[in-house]
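Contents: one structure, followed by commentary.
All figures in this text were calculated on a predicted structure; none of them were measured in a lab.
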Amino acid sequence: MADTSARTLRLLSLLQTHRSWSGTELAERLRVSARTLRRDIDRLRELGYPVDARPGVDGGYQLAAGAAMPPLVLDDDEAVAITVCLQAGSQGAGDGLAEPSVRALGKLVTVLPTRLRRRVDALRAMTESTSWTAVPLSDVDPAVLTDLALTCRREERLTFTYTAADGRISTREVEPHRLVSLGRRWYLVAYDLTRHDWRTFRVDRLTASTTTGTRFRPRPLPAPDAATFVHNAIGARRSGYTVTAEIEAPAIDIHARIGRWCTVTALPADRTHIEMTADTLDWPILLLGRAEAEFQILSPPELVTQLREWGTRFARAT
């Protein structure tokens, strides 16, 4: 029975990762006969998974959409990635996603295997964010995030190779403190033992990280919290842009749509003033589009120029 259950889960995993499988391919992957494969397919259907069969000599199977969502089979990285996204959604304000994200996050954590739950719990406990955090989009391996979170929790020194913004590569030994999800990126806040000062490191620029096995006593962070430290550090070293605009919509609507990423001020006649900072102008353009209302850009003039270029490209595409 144990072998049958394990094989059924393996079959489900295969069907969830491929649009269509031939019967021969599935039987070879599972190392079973065509007859056994058909029984396993029937077992999945009894459990509520709608598996469509394609007739023919070779046959074929495809997992179809059903009336209700059955349980999913996730690998470790997928489970961590979903947890990260749900955590970000649970911190949202006014967008209708916070409550269902909290419920889904609670269900997911409950059924995680012990070895994975330990990693996810460390990631949740060792991560800080701000009220305007978006789901981070940088290319970061979930396993790297959980490894860093565990190292922060264990208070163990860490070495890694780091590529700076100007391309210089260096080896760092640090005392890791917290992970910070800020804007659309992940940062590691740590005390740099070579430079004898606190530093922020973009996780997507960090490679070949290894723990040294040396424990350390945490030092006082020179900021109220790690998220504030990263925000101040980034603001101090980048030129960036301050974007201001007026939107033809009530402030309550604009706050619900994009309030996590900007400062919203109500104006007379159901108009709204917004202000945000950004290191590129692409993100403010996307947010203004998400406002779903007419708007006027007040500053900077570079944003007006870039918006015209975007508009010309989009007009050609349509």
Side-chain angles (χ1 to χ4, degrees), residues 76-77 79-81 83-88 90-91 105 109 112 114-131 133-238:
D76 288 6
D77 285 353
V80 172
T83 301
V84 170
C85 293
L86 289 174
Q87 183 72 17
S90 69
Q91 296 167 348
L105 185 60
V109 171
L112 289 176
T114 302
R115 57 177 173 75
L116 191 54
R117 188 183 308 165
R118 188 182 305 112
R119 302 175 71 85
V120 168
D121 284 345
L123 182 60
R124 295 171 65 193
M126 295 293 108
T127 298
E128 295 182 12
S129 60
T130 66
S131 59
T133 295
V135 176
L137 298 183
S138 56
D139 185 15
V140 177
D141 187 340
V144 172
L145 288 176
T146 55
D147 285 344
L148 290 174
L150 287 169
T151 306
C152 291
R153 171 174 276 185
R154 290 195 297 258
E155 298 174 353
E156 188 173 350
R157 288 182 179 177
L158 179 73
T159 62
F160 54 82
T161 300
Y162 190 71
T163 304
D166 59 6
R168 288 182 298 174
I169 299 176
S170 60
T171 300
R172 306 293 186 93
E173 183 175 359
V174 303
E175 295 176 351
H177 176 68
R178 287 290 188 278
L179 286 168
V180 173
S181 167
L182 186 61
R184 294 157 70 82
R185 300 207 178 272
W186 286 93
Y187 297 87
L188 172 67
V189 175
Y191 186 85
D192 193 318
L193 294 170
T194 303
R195 289 152 178 78
H196 304 289
D197 199 4
W198 287 91
R199 290 287 191 271
T200 64
F201 302 95
R202 266 180 48 178
V203 175
D204 58 312
R205 294 177 178 167
L206 184 155
T207 58
S209 62
T210 57
T211 56
T212 66
T214 303
R215 302 291 294 273
F216 63 88
R217 178 177 297 178
R219 304 170 189 261
L221 182 70
D225 52 61
T228 301
F229 181 81
V230 173
H231 191 279
N232 293 341
I234 294 173
R237 67 172 179 253
R238 75 183 184 193

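Side-chain contact between Leu158 and Leu188: present, with at least one pair of heavy atoms (C-beta onward) separated by less than 4.5 Å. A 4.5 Å side-chain heavy-atom check between Thr211 and Arg154 finds at least one atom pair inside the cut-off. At least one side-chain heavy atom of Thr163 sits under 4.5 Å from a side-chain heavy atom of Ile169.
Salt-bridge formation is detected for the pair Asp204/Arg202: a Lys NZ or Arg NE/NH1/NH2 atom is positioned less than 4.0 Å from an Asp or Glu carboxylate oxygen. Between Arg157 and Glu175 a salt bridge is recorded (basic side-chain N to carboxylate O distance below 4.0 Å).
When every heavy atom of Leu150 is checked against every heavy atom of Ala122, the shortest pair comes out as CD2-CB, 3.6 Å. The shortest heavy-atom contact between Pro220 and Trp198 is O-NE1, 3.4 Å. The shortest heavy-atom contact between Pro176 and Ala190 is CA-CB, 3.8 Å. The shortest non-hydrogen separation linking Ala164 to Arg205 is C-NH1, 4.1 Å.
By the salt bridge (Lys or Arg N to Asp or Glu O under 4.0 Å) test, Arg153 pairs with no residue at all, sequence neighbours left out. Legend: residues meeting ring pair (Phe, Tyr, Trp, His ring centres under 6.0 Å) with Phe229, ordered by chain and number and at least two apart, are absent.
With ring centers used as reference points, Phe216 lies 6.0 Å or more from Tyr191.
Remark: the backbone N or O of Thr159 is not paired with any side-chain donor or acceptor of Glu173 at under 3.5 angstrom.
Judged purely by distance below 3.5 Å, without hydrogens or angles, the side chains of Ser170 and Arg168 never pair a donor atom with an acceptor atom.
One finds the OG1 atom of Thr171 at 13.5 Å from the OH atom of Tyr162 (value rounded to the nearest 0.5 Å). To the nearest 0.5 Å, the span separating OG1 on Thr151 from CZ on Phe160 amounts to 11.0 Å.
The only option from Val174, Leu148, Val189 that meets the side-chain contact (heavy atoms from CB on, under 4.5 Å) definition with Phe201 turns out to be Val174.
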